[in-house]
Amino acid sequence: MLSLNYIAVYRHDILLFISSRALTYTSSRRNLYKMSKKLKLDVLTKPRSLRSENKGDSKSISTTSGYFDDKDASPKKIVKKKHTPVKIKHEEMKDAANSKNSEIKIEDLQQNETVKKDRAPVKIKYEEMKDVTDSKNTEIKVQDLQNKTVKKKRTPVKIEYEEMKNATESKPNEVKVEDLQDETVKNETVEDKWMPLNWETILENVKEMRKHKTAPVDEMGCHKCIDPNATAKVARYQSLIALMLSSQTKDQVTHAAMQRLITYGCTPELISGTPDDTLGKLIYPVGFWKRKVQYIKKTSKILIEKYNGDIPRTLKELCQLPGVGPKMAHICMQIAWGEVSGIGVDTHVHRICNRLGWVKKSTKIPEDTRIAVEEWLPKDLWSEVNYLLVGFGQEICLPRFPKCDECLNKDICPSSTKSSMKKKT
């Protein structure tokens with residue numbers, strides 16, 4: 001209705017607008033637009049009033065068509081039907097569900113009561129099972145005790161062990177194969193260790209330079225200071241005294257002092273009873289001769305009391321004697337007992353090993369040098385390395401002004417001052 005009314009009004013408005021334009025040619029377009037807008041607004045307000053809820057007001061308002069004058073043409077009100085039957089059914093279903101729930105609850109209660117009543121015999125069964133398990137436990141405990149008594153008798157185990165032992169004895173070849181595998185593993189670990197460059201070539205060159213044996217250590221070393229006519233026991237004592245005198249002393253001085261002691265009588269009994277002044281005159285001018293007098297006398301008394309005038313046979317016991325260090329003990333074990341316990345490192349060996357790069361890091365004391373060299377040098381070379389390097393240090397690799405131009409290692413020694421590589425640079 002509203003849309004038709006609006007269209008009619010709009011069409012009427014257009015007719016009016018057109019008629020007003022036809023009548024008024026002298027007015028401007030702006031005035032005509034304002035007039036048409038006002039006419040539209042006046043007409044549009046009429047159908048909006050028809051949509052209001054007040055019926056009495058709609059009579060007073062004039063309409064544009066005769067449709068609104070007809071009372072029978074007014075829109076009919078749509079009356080919604082009440083869903084009373086649905087509500088009644090819902091309430092009936094709800095009441096029925098409540099009645100069923102109540103019945104179910106009553107039945108549940110009855111069933112629970114019957115179930116609870118029926119559980120009495122279950123308890124009886126549980127008690128019976130408990131009694132049975134208790135009886136079984138007692139039987140098991142008795143069996144455990146019997147088993148413990150049986151375990152005490154292990155005769156068959158011994159028989160099996162003996163059989164296994166015989167089996168291992170019957171397979172010596174397999175054991176040898178395992179030993180070979182262990183040796184290969186050890187060799188692989190040795191190869192992985194750090195080793196200095198060209199050390200074998202350097203050692204061969206040192207042997208070549210020392211083959212004539214013209215160094216002081218060759219003629220007046222500690223192994224040359226022993227009385228050839230002395231017994232083995234006294235000779236071992238004299239080798240220990242010579243090593244104690246050689247500390248911070250040249251071989252020539254040590255050898256001369258030992259010759260005087262041998263002429264006087266170099267035995268533990270005579271030396272321990274010799275006055276300090278007399279002993280000092282015999283060993284003078286060795287380095288620190290006054291201190292060495294005390295060391296020699298104390299050591300001689302200990303040897304008489306503990307070792308029956310002989311020297312100890314172990315490295316540890318030798319190092320416990322007054323005035324005996326690791327260098328002396330290792331060389332004494334080699335000279336006196338013929339056992340190689342380690343490398344004897346004195347000032348010459350300590351200096352040359354650092355010059356040749358035979359230590360992974362530079363060392364400050366001889367004992368650190370010994371530990372570093374023993375980590376990589378094969379053990380079969382330990383007995384000769386001291387003898388070779390000491391003579392090499394006395395003749396060519398001197399502490400001051402080494403004779404690098406006469407050395408066969410001048411081209412491969414890292415400390416050489418006459419190497420061809422340095423001349424090129």
Side-chain angles (χ1 to χ4, degrees), residues 180 182-219 221-223 246 250-251 326-328 330-331 333-335 339-425:
L180 290 171
D182 293 333
E183 287 178 2
T184 55
V185 170
K186 287 180 181 179
N187 291 330
E188 288 176 359
T189 55
V190 170
E191 289 177 359
D192 293 337
K193 289 182 180 178
W194 175 88
M195 299 185 82
L197 295 173
N198 304 318
W199 71 271
E200 292 178 341
T201 306
I202 291 171
L203 189 61
E204 290 298 323
N205 290 335
V206 171
K207 289 180 180 179
E208 181 65 24
M209 288 182 282
R210 293 274 293 112
K211 67 181 181 180
H212 299 293
K213 296 182 180 180
T214 56
V217 70
D218 296 321
E219 297 177 358
C222 293
H223 62 288
S246 67
K250 292 183 178 182
D251 288 336
K327 185 262 292 188
M328 300 178 198
H330 286 298
I331 298 173
M333 287 293 294
Q334 183 178 347
I335 295 172
E339 296 179 5
V340 180
S341 59
I343 302 171
V345 179
D346 61 354
T347 55
H348 296 289
V349 180
H350 171 64
R351 179 183 70 254
I352 293 167
C353 286
N354 278 273
R355 283 181 178 178
L356 295 175
W358 281 12
V359 289
K360 195 172 183 180
K361 294 180 181 179
S362 60
T363 56
K364 293 183 179 180
I365 58 175
E367 184 61 17
D368 292 342
T369 304
R370 179 187 69 80
I371 295 168
V373 174
E374 285 181 357
E375 287 180 355
W376 62 266
L377 187 68
K379 197 170 183 179
D380 57 346
L381 298 174
W382 288 7
S383 59
E384 60 180 344
V385 69
N386 175 270
Y387 173 74
L388 290 171
L389 294 182
V390 168
F392 177 64
Q394 289 175 342
E395 288 186 319
I396 297 174
C397 196
L398 302 174
R400 296 181 64 190
F401 309 110
K403 301 176 182 179
C404 294
D405 53 345
E406 299 178 9
C407 182
L408 299 177
N409 295 318
K410 60 183 178 181
D411 293 330
I412 55 177
C413 177
S415 302
S416 175
T417 58
K418 300 290 182 181
S419 64
S420 59
M421 293 178 67
K422 288 185 179 180
K423 285 180 180 180
K424 290 178 183 180
T425 57

What one should report as the nearest heavy-atom pair of C222 and I335 is CB-CD1, 4.3 Å
Checking W382 now: which residues fulfil ring pair (Phe, Tyr, Trp, His ring centres under 6.0 Å) with it, not counting sequence neighbours?
none
Nearest atoms (heavy-atom pairs only) where I343 meets E374:
N-OE2, 2.9 Å
Evaluate the side-chain proximity of K327 to V349: yes if any heavy-atom separation is below 4.5 Å, no if none is.
no
Could you tell me the separation between the OG1 atom of T417 and the NZ atom of K403, rounded to the nearest 0.5 Å?
13.0 Å
Partners passing salt bridge (charged side-chain N to carboxylate O under 4.0 Å, His left out) against E406 (at least two apart in sequence or in another chain):
none
Identify each donor-acceptor pair in which a side-chain atom of residues 196-208 lies under 3.5 Å from a protein atom, sequence neighbours left out, and give them as a table.
residue, atom, partner, partner atom, Å
N205, ND2, T201, O, 3.2
N205, ND2, N409, OD1, 2.5
E208, OE2, K211, NZ, 2.7

At their closest point, which heavy atom of Q394 faces which heavy atom of P216, and how far apart are they?
OE1-CD, 3.0 Å
Atom pairs and distances, donor-acceptor, side-chain atoms in residues 350-359, under 3.5 Å, two or more places apart:
residue, atom, partner, partner atom, Å
H350, ND1, T369, OG1, 2.6
R351, NH2, H348, ND1, 3.2
R351, NH2, C397, O, 2.9
N354, OD1, T363, N, 3.0
N354, ND2, H350, O, 2.8
N354, ND2, T363, OG1, 3.1
R355, NH1, L398, O, 2.9
R355, NH2, L398, O, 3.1
R355, NH2, P399, O, 3.0

Hits for salt bridge (charged side-chain N to carboxylate O under 4.0 Å, His left out) against E367, two or more places apart or cross-chain, chain-then-number order -> R370
To the closest 0.5 Å, what do you measure between CD (Q334) and CG (N386)?
7.5 Å
Determine the minimum heavy-atom distance between V340 and S383, stating which atoms define it.
CG2-CB, 3.8 Å
I want to check something: taking the side chain as every heavy atom from C-beta on, are E375 and V373 in contact at a cut-off of under 4.5 Å?
no
Between atom SG of C413 and atom CG of L408, what is the distance when rounded to the nearest 0.5 Å?
12.0 Å
Taking only residues two or more places apart in sequence, or in another chain, which ones meet D218 in a salt bridge (charged side-chain N to carboxylate O under 4.0 Å, His left out)?
R210
